[in-house]
Amino acid sequence: MSVDAFLEEYAPRDREKLKPVLEYEGLIQIVARAWTMPDGTRSRVYLLRFASTAAANTFTGCSGNSALHHAETLIPDPEWERRELGQESDANGALFISAYEEGKPYAEEQTRLGCLQAGDVQGVIVQSRRGTAPLIPLHQALVLQSQLLG
């Protein structure tokens with residue numbers, strides 16, 4: 001997928017910051033898959049492949065400072081942090097995982113963001129749902145993607 005199509009997930013202010021990094025810092029390709037569950041939860045998984053781990057480290061679109069198109073404020077997912085499911089890595093720093101949720105108040109739908117990096121691949125998972133987005137589907141997606149990439 002194109003950089004511009006991927007950046008549609010982000011708020012306009014973040015698009016301007018992220019586009020030059022993606023275009024000039026070693027991004028090779030972006031692949032994506034999306035689906036909607038019967039309960040209305042929409043999931044989008046993006047895998048960004050960079051030329052090197054160092055190039056992947058330049059991507060800043062996966063943090064609590066990120067602003068998504070429909071979620072301007074993100075906070076660390078307290079359940080993910082409480083269970084210490086995230087931030088696992090091997091001796092080479094090959095796998096890093098984090099989870100965020102939209103801060104309250106949110107509009108008609110809540111959005112969650114999951115991030116994982118395995119070497120030169122940065123995974124971005126965005127889930128949203130009208131009302132409250134359940135946290136288990138995001139946690140499952142993060143664990144499964146980490147198993148695939150790790």
Side-chain angles (χ1 to χ4, degrees), residues 1-23 25 27 29-50 55-89 93-150:
M1 85 181 308
S2 72
V3 169
D4 288 332
F6 169 70
L7 290 176
E8 288 296 315
E9 286 288 358
Y10 291 88
R13 68 179 169 94
D14 273 17
R15 289 178 204 159
E16 294 172 14
K17 291 187 285 186
L18 292 172
K19 188 171 183 172
V21 170
L22 294 174
E23 289 182 334
E25 296 295 334
L27 177 69
Q29 74 182 97
I30 303 172
V31 295
R33 178 68 81 186
W35 64 92
T36 302
M37 294 300 294
D39 71 353
T41 301
R42 293 186 324 278
S43 299
R44 283 98 61 210
V45 177
Y46 303 95
L47 298 178
L48 291 74
R49 184 168 165 239
F50 290 86
N57 290 339
T58 65
F59 179 69
T60 59
C62 263
S63 73
N65 296 326
S66 299
L68 299 178
H69 182 66
H70 293 289
E72 290 279 331
T73 304
L74 294 171
I75 59 173
D77 179 332
E79 192 66 22
W80 184 265
E81 303 244 327
R82 183 177 70 79
R83 294 180 186 218
E84 297 181 9
L85 296 169
Q87 299 305 318
E88 57 181 278
S89 62
L95 184 61
F96 296 96
I97 307 170
S98 56
Y100 304 92
E101 64 182 30
E102 181 176 5
K104 292 181 181 179
Y106 42 86
E108 293 179 14
E109 67 179 28
Q110 182 185 28
T111 301
R112 295 182 181 276
L113 173 68
C115 307
L116 60 148
Q117 183 180 344
D120 63 353
V121 176
Q122 174 71 55
V124 178
I125 302 172
V126 181
Q127 290 186 335
S128 55
R129 180 175 166 220
R130 187 176 195 91
T132 301
L135 57 93
I136 297 299
L138 179 67
H139 293 180
Q140 288 175 332
L142 281 166
V143 169
L144 291 171
Q145 285 297 320
S146 70
Q147 291 171 346
L148 290 170
L149 293 173

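Atom set for the values below is all heavy atoms of this structure, side chains included, hydrogens, waters and symmetry mates excluded.
A distance of 9.5 Å separates SG in Cys62 from CG in Leu74, rounded to the nearest 0.5 Å. Ser2 OG to Leu7 CG: the interatomic distance, rounded to the nearest 0.5 Å, is 8.0 Å. To the nearest 0.5 Å, atoms CG (Leu149) and CG (Asp120) are separated by 10.0 Å. Leu48 contributes atom CG, which lies 5.5 Å from atom CZ of Phe59 (distance to the nearest 0.5 angstrom). Between the CZ atom of Phe96 and the SG atom of Cys115 there is a distance of 13.5 Å, given to the nearest 0.5 Å.
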- Where do Glu101 and Gln110 land on the side-chain contact (heavy atoms from CB on, under 4.5 Å) test, with the steps shown first? CA-CA 8 Å; Glu101 64 182 30; Gln110 182 185 28; 4.2 Å; yes
| request: Determine, step by step, whether Arg42 and Ser128 satisfy the side-chain hydrogen bond (donor to acceptor under 3.5 Å, both in side chains) criterion, reporting the C-alpha distance in whole Å, the side-chain angles of both residues, the deciding distance to 0.1 Å, and the verdict. | output: CA-CA 5 Å; Arg42 293 186 324 278; Ser128 55; 3.0 Å; yes
query: Going through the distances and angles, do Ile125 and Gln145 end up as a side-chain contact (heavy atoms from CB on, under 4.5 Å)?
result: CA-CA 9 Å; Ile125 302 172; Gln145 285 297 320; 4.0 Å; yes
Are Gln117 and Asn57 close enough, and set up right, to give a side-chain hydrogen bond (donor to acceptor under 3.5 Å, both in side chains), and what steps lead you there?
CA-CA 9 Å; Gln117 183 180 344; Asn57 290 339; 2.8 Å; yes
Exercise for review: Apply side-chain hydrogen bond (donor to acceptor under 3.5 Å, both in side chains) to the pair Tyr106 and Thr132, showing each step before the final yes or no.
Suggested key: CA-CA 9 Å; Tyr106 42 86; Thr132 301; 3.1 Å; yes
- Taking it one step at a time, do His139 and Asp77 satisfy side-chain contact (heavy atoms from CB on, under 4.5 Å)? CA-CA 10 Å; His139 293 180; Asp77 179 332; 2.9 Å; yes
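For Glu72 (side chain) and Ala67 (main-chain N/O), no donor-acceptor pair under 3.5 Å exists by modelled atom type. Here the side chain of Thr41 pairs no donor or acceptor atom with the backbone of Met37 at under 3.5 angstrom. Here the side chain of Glu102 pairs a donor or acceptor atom with the backbone of Thr111 at under 3.5 angstrom. Checking side-chain atoms of Arg129 against main-chain N and O of Gln127 turns up no donor-acceptor pair under 3.5 Å.
For Arg33, the CZ atom is loosely surrounded, since the number of other residues' heavy atoms within 6.0 Å does not exceed 12. Atom CZ of Arg44 is surrounded by more than 12 heavy atoms from other residues, nucleotides or ligands within 6.0 Å. In this structure, Gln29 places its CD atom where more than 12 heavy-atom neighbours from other residues, nucleotides or ligands lie under 6.0 Å away.
Closest approach of Phe50 and Ala55 over heavy atoms only: CD2-O, 3.7 Å. Listed here is the closest heavy atom pair of Asn65 and Asp14: O-OD2, 4.1 Å. Nearest heavy-atom pair across Leu116 and Gln122 is O-NE2, 3.2 Å. Nearest heavy atoms, Ala99 versus Leu138: CB-CD2, 4.3 Å. Residues Leu27 and Leu22 come closest through the heavy atom pair CB-O, 3.0 Å. Closest heavy-atom contact between Tyr10 and Ser66: CE2-CB, 4.3 Å.
By the 4.5 Å heavy-atom criterion applied to side chains, Lys17 and Val21 are not counted as neighbours. Pro134 has its side chain within reach of Asp39: a pair of non-hydrogen atoms, C-beta onward, lies under 4.5 Å apart.
Ring orientation note: the planes of Phe6 and Tyr46 are nearly perpendicular, at an angle over 60° on the 30°/60° scale.
A salt bridge does not link Arg130 with Glu109: none of the charged nitrogens is closer than 4.0 Å to a carboxylate oxygen. With salt bridges taken as basic N to acidic carboxylate O contacts below 4.0 Å, none links Asp4 and Arg15.
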